[in-house]
There are 2 protein chains.
Amino acid sequence: MGFKKVSLKDISKELGVSQSLISFVMNGKAKEMRVSDAMVEKILKKADEMGYKANPMAQALRTGKSNTIGLIVADISNSFYSKIARSIEDEATEHGYHVIFGSSDENDKRSTELINLFYDKKIDGLIISPAKGDRDNLMKLQNSGFPIVLIDRYFSENESNIVVANNLSGSYEIVKRLIKNGNKKIGYITHGTDSSVVRYRYQGYVKALKEFELELNHQIIRKVSHINNEQEIETNVKDLIENHDIDSIFFFNNTMAIEGGKIIREYNKSSGRNLGIGCFDSSRYLELLGIPYVSAVQQVEKLGEVSMRLLMRQINSTSQLNEKKVLTARLIDKLG
Amino acid sequence: MGFKKVSLKDISKELGVSQSLISFVMNGKAKEMRVSDAMVEKILKKADEMGYKANPMAQALRTGKSNTIGLIVADISNSFYSKIARSIEDEATEHGYHVIFGSSDENDKRSTELINLFYDKKIDGLIISPAKGDRDNLMKLQNSGFPIVLIDRYFSENESNIVVANNLSGSYEIVKRLIKNGNKKIGYITHGTDSSVVRYRYQGYVKALKEFELELNHQIIRKVSHINNEQEIETNVKDLIENHDIDSIFFFNNTMAIEGGKIIREYNKSSGRNLGIGCFDSSRYLELLGIPYVSAVQQVEKLGEVSMRLLMRQINSTSQLNEKKVLTARLIDKLG
DNA sequence: CTGAAAGCGCTTACAG
DNA sequence: CTGAAAGCGCTTACAG
């Protein structure tokens with residue numbers, strides 16, 4: 001650890017050569033600048049001896065590159081996002097980048113604030129799972145040439161650099177399995193807020209019903225809050241079972257499925273029936289419920305990896321890329 | 001968003017006053033420097049008009065403060081750590097700080113690397129859940145005056161600035177409940193690696209047994225890896241049940257408890273018995289198992305909050321603090 | 001009350 | 001091949 005803070009100037013004095021020379025050598029530009037091998041040797045040795053470490057703040061100020069990227073998600077403590085964070089971290093490390101993170105809680109104001117804060121802090125790029133109100137801000141930034149990658153969701157087909165799951169076909173596959181398994185009246189419990197994810201998963205549900213000529217019944221489609229929704233889910237699931245005679249439920253995601261699944265487990269026990277469920281994403285705890293289920297598991301690690309790689313390409317590109325990567329969710333069928 | 005990058009010099013030119021004056025005003029030192037109210041007014045107005053944002057890289061270079069702290073944990077995708085990360089983030093935001101994070105995977109080499117990387121990047125302080133080999137490195141850094149807070153575990157009573165759970169008394173309470181509930185042969189499944197956490201939880205187990213004059217039987221204490229340990233846990237739990245006639249098991253943590261609990265649930269079903277378990281930490285999924293349990297839940301959010309506050313105090317202090325904060329885990333008794 | 005100047009530690013044209 | 005110098009955008013003694 002260099003507590004002494006050796007600078008280029010220190011080495012320069014020690015060696016009696018100019019700072020520029022040392023800088024070139026330390027940055028691997030010796031060849032390019034045709035520095036003599038002997039000099040390179042001498043400089044590297046001395047630098048190592050003195051424990052020289054370039055000051056990143058000075059480099060950043062001079063070059064305008066901080067080697068730091070920002071990650072903004074709804075909530076880093078949510079395991080979906082923390083897994084993404086981990087894979088982004090791993091990929092960032094590969095490229096010599098660091099990651100600062102922020103949680104927006106899906107709150108427009110906070111999200112905007114974070115974007116601006118991170119931007120002003122001179123991050124080299126941003127990976128973000130945007131809140132609804134971020135659209136204009138993000139597009140303005142992108143148009144100004146700032147590297148951004150949207151993950152998990154986006155606003156319309158107009159945005160650039162998107163990495164998402166196959167929400168439509170994934171949920172289509174889930175519902176199709178439920179149907180093939182003999183279910184004819186499949187409820188849907190989804191989020192009340194609008195987003196590309198919400199929209200596409202709904203479309204997948206509709207598509208499957210249509211294909212098998214089942215009725216699209218809005219009475220058995222329920223919208224709940226995206227946070228602290230345990231009570232809502234319980235109420236809705238009970239209502240669907242007791243008053244609407246559904247034979248299966250498709251849940252928007254795994255946490256909702258686990259919450260609703262608890263109710264269904266109790267119902268199955270007391271009724272002797274064996275209702276199953278479907279949901280997007282899975283969890284090792286879903287199987288703890290012991291009820292039949294089918295889920296489409298996102299490749300979360302890949303989502304992080306792919307988005308970080310795309311961001312790196314955007315950072316190193318002079319032109320605005322326009323990529324959309326759709327990652328296929330893997331189907332797990334435990335309907336039995 | 002200021003895409004144009006206005007600098008102090010720009011405002012200075014525009015207004016015909018010196019940069020220093022503007023700097024003072026922007027940093028709220030107007031009063032201290034006795035700048036005239038009219039001037040303050042004029043400068044603030046112009047700065048706002050031009051969309052001035054101080055360049056953090058320049059500030060950092062000049063002042064040596066980056067307003068960024070580092071967070072190093074075993075794995076940010078582990079929900080225990082991601083919850084801590086979130087509460088640290090929230091507290092950091094309060095103080096105008098950003099957080100960069102890194103996952104060490106409990107790997108000494110990686111952890112050292114991360115510490116050095118973050119240190120060299122000029123973070124203002126570090127919150128770390130250390131790996132075994134970090135001891136010397138961390139103490140050296142602390143002695144050199146670098147602000148560090150250890151969370152979750154530490155090495156000996158010699159380290160400074162520690163925030164941990166009451167591991168000993170927490171696990172003592174858990175085992176005591178198990179005993180009071182009528183259990184006399186309580187197995188223990190713990191981690192194979194040594195750390196303060198492992199040590200203290202074991203001591204709590206021993207203390208409770210002693211107090212109630214139960215035998216400390218090393219045959220029913222099992223050590224497993226701290227990662228990918230599903231198979232080991234399964235094997236050990238089965239062995240404890242089948243060959244050692246235990247009537248309860250105390251698990252080192254919640255994830256291990258859930259894994260082992262699955263086996264116990266099956267056993268309970270087939271045997272008609274109703275074995276219960278104990279464990280440190282809980283999870284909303286533990287109850288999904290439907291077996292009796294008692295757990296001591298750490299105040300994870302508080303852990304992050306307290307550690308960040310302590311770090312802030314250390315950053316703003318000229319002398320080395322030496323605080324140890326022990327957070328009490330809350331007991332949840334579902335033994336029935 | 002206000003201005004001119006140094007300096008944080010780099011990188012990179014510009015000269016030679 | 002190598003050196004001297006400018007400049008990134010700040011903050012902060014130092015003068016007046």
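Per chain, numbering begins at 1; letters A, B, ... match sequence-line order.
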Would you say A/K121 and B/T68 are linked by a side-chain donor-acceptor pair, where the criterion is simply a distance under 3.5 Å? yes
Looking for any heavy atom pair under 4.0 Å, which part of the strands does A/M57 touch: base, sugar-phosphate only, or nothing? nothing
Do side-chain atoms of A/Q142 reach the backbone of A/S160 as a donor and acceptor pair under 3.5 angstrom? yes
So, for A/G133 and A/D108, which heavy atoms are closest and what is the spacing to 0.1 Å? N-OD1, 2.8 Å
Please work out if B/K29 contacts a base, only the sugar-phosphate, or nothing of the nucleic acid, heavy-atom cut-off 4.0 Å. sugar-phosphate
Just wondering, do B/I43 and B/L15 contact through their side chains at under 4.5 Å, heavy atoms? yes
Nearest-nucleotide comparison on DNA chain C, the residue closer to the 5′ end among A/L21 and B/L61: B/L61
Mind checking B/S36 for me? I need base, sugar-phosphate or nothing, with any heavy atom below 4.0 Å counting as a touch. sugar-phosphate
Would you classify A/S7 as touching base, sugar-phosphate or nothing, given that sugar-phosphate means primed atoms plus P, OP1 and OP2, and contacts are heavy atoms under 4.0 Å? sugar-phosphate
Re D/dA13: Watson-Crick or G-U wobble partner, both distances kept under 3.5 Å, found to be none
If pairing means Watson-Crick or G-U wobble with both distances under 3.5 Å, then the partner of C/dA4 is none
What range of DNA chain D does chain B touch, first nucleotide to last, counting atoms under 4.0 Å from its heavy atoms? D/dG9 to D/dT12
Please classify the nucleic acid contact of B/A60 as base, sugar-phosphate, or nothing, using heavy-atom distances under 4.0 Å. nothing
Looking at side-chain heavy atoms only, is the closest gap between A/L138 and A/F146 below 4.5 Å? no
Reading DNA chain C from 5' onward, which residue's closest nucleotide shows up sooner: B/G16 or A/Q59? B/G16
Any base atoms under 4.0 Å from B/T63, or only sugar-phosphate, or nothing? Heavy atoms, all strands. sugar-phosphate
So, does B/D124 use its side chain to make a donor-acceptor pair with the main chain of B/K65 at under 3.5 Å? no
